[in-house]
Every structure is written in C-alpha cells, then in structure tokens.
Amino acid sequence: MAHPKFLGGSMLIDEPGTRRRTQRTLHPLAKWPVLGIAGVLTLAHAIAGAFGDYWIDEVYMLAAGKYHPNWGYVDQPPLTPVIAAAMDFIAPDSMFVLRLPAALATGGAVVLIALLARELGADRRAQTIAAFAGATGLWSNLIGHWLAPYTFEPLLWTALLLPLVRWLRQHAQGVADDRLLLVFGALLGINLQLKFQVVILCAALLISALAVGPRAVLTRPMLWAGAGIALLIGSPALIWQALNGWPQLAMSSIVAQESPMLSGGRGGTAVQLVVYAGVLGTALVLAGLWLLLSRSWLRPYRMLAVTAILLWVFFVVTAGRPYYLIGMYGLPIAAATVGLQRRREAKPPGWGWAAWPVYAISLVTAGMLIYAGGSINREFSAAITRIDSDRVSDRIAQDVSGAYLSLPAEQRTRTAVIGESYVSAAMLDVGSEHHPLPEVFSPHRGYGYFDAPSDEIDTIVYYGRDAEELRPYFTDIRPATPGEGLKGWIATGKTQPWSTIWPALRSL
C-alpha cells in the first residue's frame with residue numbers, strides 16, 4: 001500500500017489508482033504579522049480620530065441615533081446611528097470614543113482579508129501580503145476613522161463572503177458544511193441593518209451562480225433558511241422603508257445627480273471603483289480577478305469574480321458612489337496573493353526585491369490619506385459653511401443660539417430651529433448640548449421624515465444660505481446672524497399650518 005499523501009491539497013491516494021476526497025488542510029494563520037498590521041492600522045486611525053470636528057455624515061449619524069432613534073431612515077438602515085448614540089452615551093463629546101468602532105472595523109477588515117487568503121490556500125507569507133494590501137487601500141484609509149456606514153462596509157462585506165468562500169472550498173472537495181450558509185444568512189441580516197447595497201451584492205451573487213456555478217448552492221435548503229434569517233434581522237429597516245414609500249429607492253437618482261461633483265461622472269467612478277484599492281491593492285485586485293476567471297484551481301470561486309465585475313458595471317451605469325465596491329476588494333486580493341505564492345513555490349523569482357518599492361509607496365500613500373482625512377474634513381466644512389474653525393458644528397450652534405436667545409422669552413416658547421440641510425440640522429442638534437436651542441428640524445433628506453414642527457410654532461430661526469423657501473409661508477424674514485454663505489434668519493408671521501408647509505418644503 002502506498003503511503004497516504006496530499007495531492008494538490010484536496011485529494012488522498014490510498015491505493016494505486018484509487019482516490020477519495022478529503023478536506024484540505026489549511027496553512028496556519030499568520031497570526032502575529034496579520035494582527036500586527038491590523039493593530040498598527042487601528043491605532044493610527046484611533047489617534048487620527050481623536051482630533052478635529054465631525055465629518056458631515058458622521059454628525060448626521062450621531063444626531064439621528066441620539067435625538068431621532070427609529071427603526072429606519074430615508075438614506076440608511078439604523079445600525080450606524082445606534083452605534084454612534086451608544087458611543088456618545090459611554091463618553092459624551094469624546095471624538096476618540098465615538099470613532100473607536102470605525103477604527104476597529106478598519107483594522108478588523110484587514111484580518112478578514114487575510115482569512116480569505118488562507119481559505120484559498122495562502123501560506124503565512126501570502127496572508128501577510130494580503131493583509132498589507134488591505135491595510136493600504138486609499139478609500140479605507142481616507143475614511144477609516146469616520147463613523148459612517150461606508151466605513152463598516154468593508155468589514156461586513158468581507159465577513160459575509162468568508163463563510164461563502166469556505167462553503168465553496170468544501171463543496172469542491174465534497175465535504176461542504178451547509179451550516180455555513182446559515183452563518184451567511186445571519187451576516188447578511190446584519191449587513192441589511194447597515195446599508196441596502198448588500199441587496200445588489202446578493203442579486204449579483206445569484207446571477208453569477210446561475211451563470212458559472214456552482215448552481216448546487218441554490219438547491220441547499222440551508223441557503224434559503226439563511227435568507228429567512230437575513231430577512232428577519234433586517235425586517236425592522238425594511239418595514240420602515242415600506243411604510244414610508246421606499247424613499248431609499250428615490251435616493252439612487254440623488255446619488256446619480258451628485259456623481260459629477262463627487263467623482264467626475266461615470267468615467268471617474270469607473271476608475272475610482274478600482275484604484276481606491278490602493279497602489280498594491282489595485283494591482284492585486286486586477287490580477288486576482290484575472291486568475292479567478294482563468295485558472296482551473298480557482299474554478300470553485302469563479303462566481304465571485306463574475307459578481308465583482310457585475311457590480312462594477314452596475315455601479316458605473318447607475319453612476320453610483322465610487323466607493324461602493326470596496327467591500328469586494330478582499331477576495332481578488334486574496335486570490336492574487338495565492339497566485340504569487342504558487343509561482344514562488346514553482347520557481348522562486350530572482351526579482352523579489354522589486355516588490356519592496358511598491359510596498360513602500362503603498363505605505364506612504366496610506367499614511368498620507370490618514371492625515372489628509374482631517375484636512376479634507378476641515379476644507380469641506382469651510383466650503384459649505386464659510387466658517388474657518390476646527391469645530392464648525394459648535395460655531396454654528398453658538399451663532400444660532402445667540403439668534404434664538406435674542407427673542408423675547410414668551411416668543412421663544414413658540415420658536416423652533418430649521419436647518420436648510422440635514423448636515424446643518426445635525427450640527428445644530430448635536431450643538432444643542434452646549435448652547436440653548438429649541439427643537440431642531442429640517443425638510444432635507446432624512447430629517448424631512450422626522451417629526452414636523454407643531455402648529456404652536458409660529459417663529460423660526462432658520463439656518464441656511466437664504467430663507468427664500470420660507471417666504472411663501474411667513475410674512476417677515478430678517479437676517480439674524482452676520483456673515484456670508486450660511487447664516488441665521490428669523491421668520492415670523494406664519495400664514496399656513498405646518499401640515500401644509502412641511503410636505504411642500506420636504507425634499508431629498
């Protein structure tokens with residue numbers, strides 16, 4: 001009898017000419033290199049997050065979760081607002097604590113990318129390269145310490161793909177554990193509470209499985225049981241959307257309208273959807289997709305490459321945000337590192353030194369983007385508010401509070417504050433902790449679906465570029481704070497009830 005041995009990592013030979021399948025032995029996890037990279041990245045973002053003012057989406061998350069808790073919102077599910085409110089409850093006004101979950105999520109995604117590489121057969125060296133590529137992405141380092149839904153997306157999408165990749169590996173070996181599909185469903189439900197883009201990912205996965213297989217996954221009862229678990233977990237946000245006329249669907253046209261400003265239109269989006277992976281990451285993503293599509297040893301995972309391409313096409317055609325694909329970077333990066341490992345094992349290259357300049361450039365670029373996040377935040381806030389300050393949110397609340405306190409005490413009982421945009425309204429809501437303000441409203445985006453002012457309110461302190469949208473409904477409008485751009489206005493002499501005014505003002 002021949003001695004049993006592994007053949008290709010997935011077959012055993014017991015007798016001459018006789019083979020039986022077995023589960024492939026994975027390489028040990030490169031625990032210390034991977035955790036070291038993830039730890040340094042987390043620490044860098046935690047330190048960066050301790051300084052500066054709120055990012056525009058971040059202050060909205062905090063205001064929504066703290067002052068307007070709900071099962072759902074116009075433009076996202078409730079998970080990120082809940083996290084923001086919880087962090088503020090633990091340590092009020094602490095930017096470090098507020099942003100700590102974002103920093104941990106950014107570092108955690110790196111560990112999961114290394115685990116994906118390990119599932120594909122990566123040894124310690126390849127796992128470390130995959131982790132390094134994941135840690136030096138452009139977009140993830142720019143926003144890695146901001147508490148926003150897209151900061152958590154790489155972690156949760158990569159976590160979602162991990163049990164699916166393991167199931168695909170096991171299925172190719174004939175020993176698949178279908179309980180992994182239940183885990184997939186549970187993670188899908190958590191994703192549904194973060195961002196609804198995961199529904200598009202699932203549609204692409206379904207199309208890819210039908211197109212290139214394995215179609216067997218669609219026949220597994222556990223998959224559909226997992227889908228039921230996902231719907232159960234995500235049902236609060238989905239029910240809220242249904243009861244409010246699915247405003248999330250209307251947001252897609254708003255995103256398309258903003259595309260030229262944010263990414264240069266569809267052409268810019270097409271490029272940025274890929275290059276946001278970083279210097280090393282972009283090379284590995286492109287190489288990994290090619291390997292997944294062309295190499296027989298990666299055939300079990302080909303559907304995931306097709307999924308990534310379908311998503312890229314969809315997001316370009318619909319003029320989506322240029323960061324919508326970042327959650328898919330991990331898999332092609334993992335495939336590429338395993339491809340490099342196999343090449344190294346077959347014939348050690350004599351030009352391995354050439355990779356070090358790429359590593360160095362990737363590291364420097366990532367560090368620059370961590371630093372640039374604070375600068376971009378300040379410049380963006382200054383551009384939309386015309387206020388040059390490290391704490392724009394506090395300055396806005398202070399100015400509007402001064403206008404509010406200038407009113408007679410009796411009139412203040414009938415006064416509310418309205419922000420022109422959801423950003424200014426969120427800054428005022430958060431700033432009301434330190435500056436006296438009445439209840440804050442806004443007809444814009446998510447705030448427009450919060451409560452409207454009551455009919456007892458007949459005076460408005462309005463914060464915006466101008467108060468023209470109020471003129472049909474108030475007889476007197478006058479400036480209340482000095483300055484150009486955004487400033488305070490006081491509107492009195494209400495002519496119609498809020499049940500008429502608010503639907504007319506509300507806009508996405």
Side-chain angles (χ1 to χ4, degrees), residues 8-11 20-29 31 34 105 108-122 127 130 134 152-194 198-234 288 292 297-308 311 327-335 338:
S10 61
M11 303 289 290
R20 63 181 175 86
R21 292 188 179 273
T22 186
Q23 188 170 354
R24 181 178 63 194
T25 300
L26 299 176
H27 287 283
L29 176 64
K31 182 166 59 175
V34 169
V110 169
V111 176
L112 295 183
I113 290 173
L115 289 174
L116 271 181
R118 181 171 179 261
E119 285 295 326
L120 298 184
Q127 292 170 37
F152 295 98
E153 199 166 33
L155 175 74
L156 291 185
W157 275 35
T158 309
L160 180 66
L161 292 176
L162 190 57
L164 181 59
V165 167
R166 174 166 289 192
W167 187 91
L168 291 170
R169 172 176 64 80
Q170 292 179 352
H171 176 262
Q173 299 161 358
V175 290
D177 183 354
D178 285 356
R179 290 174 297 180
L180 290 167
L181 301 177
L182 290 178
V183 176
F184 176 87
L187 290 169
L188 174 57
I190 296 172
N191 270 274
L192 283 171
Q193 291 285 25
L194 179 81
V198 73
V199 175
I200 303 171
L201 168 62
C202 290
L205 286 170
L206 176 62
I207 293 171
S208 301
L210 290 171
V212 300
R215 298 181 185 88
V217 68
L218 303 178
T219 67
R220 295 298 203 265
M222 288 288 193
L223 176 69
W224 303 108
I229 293 172
L231 288 174
L232 182 63
I233 296 173
L292 285 162
W297 55 275
L298 286 172
R299 180 67 180 81
Y301 317 102
R302 189 162 296 167
M303 64 170 285
L304 299 174
V306 175
T307 296
L311 289 173
M328 288 297 295
Y329 291 162
L331 185 75
I333 285 174
V338 178

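Treat the numbers as computed from the prediction; the structure is a model and nothing was measured.
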Separation of E119 CD from Q127 CD (nearest 0.5 Å): 10.0 Å
Distance (rounded to the nearest 0.5 Å) between L304 CG and L168 CG: 6.0 Å
Closest non-hydrogen atom pair, I229 against A186: CG2-CA, 3.9 Å
For L26 against R166, the heavy-atom pair lying closest together: CD1-NH2, 4.1 Å
G327 backbone acceptor or donor facing E153 side chain under 3.5 Å: no
Close side-chain approach of R169 to Y301, heavy-atom, < 4.5 Å: yes
Non-hydrogen side-chain atoms of L164 and L205 separated by less than 4.5 Å: yes
For M303 against G213, the heavy-atom pair lying closest together: CB-O, 3.3 Å
Between CZ on residue R118 and NE2 on residue H27, distance to nearest 0.5 Å: 9.5 Å
Side-chain heavy atoms of L116 within contact of L162, under 4.5 Å: yes
Validation row: V217, H171 side chains within 4.5 angstrom (heavy atoms): no
Verdict with supporting geometry, W167 and D177, side-chain contact (heavy atoms from CB on, under 4.5 Å): CA-CA 7 Å; W167 187 91; D177 183 354; 5.9 Å; no
Nearest-0.5 Å distance that lies between atom CG in L188 and atom CG in L156: 11.0 Å
Minimum-distance pair of heavy atoms, taken over all atoms of V338 and G121: CG2-C, 4.2 Å
Nearest atoms (heavy-atom pairs only) where G134 meets I333: N-CD1, 4.5 Å
Spacing of CH2 belonging to W224 relative to CG belonging to L218, to within rounding of 0.5 Å: 6.0 Å
Close side-chain approach of M328 and L161, heavy atoms under 4.5 Å: yes
Side-chain touch V34/L115, heavy atoms, less than 4.5 angstrom: no
R302 versus L292, closest heavy-atom pair with distance: NE-O, 3.0 Å
Gap between atom CG of L160 and atom CD1 of I190 - 0.5 Å precision: 10.0 Å
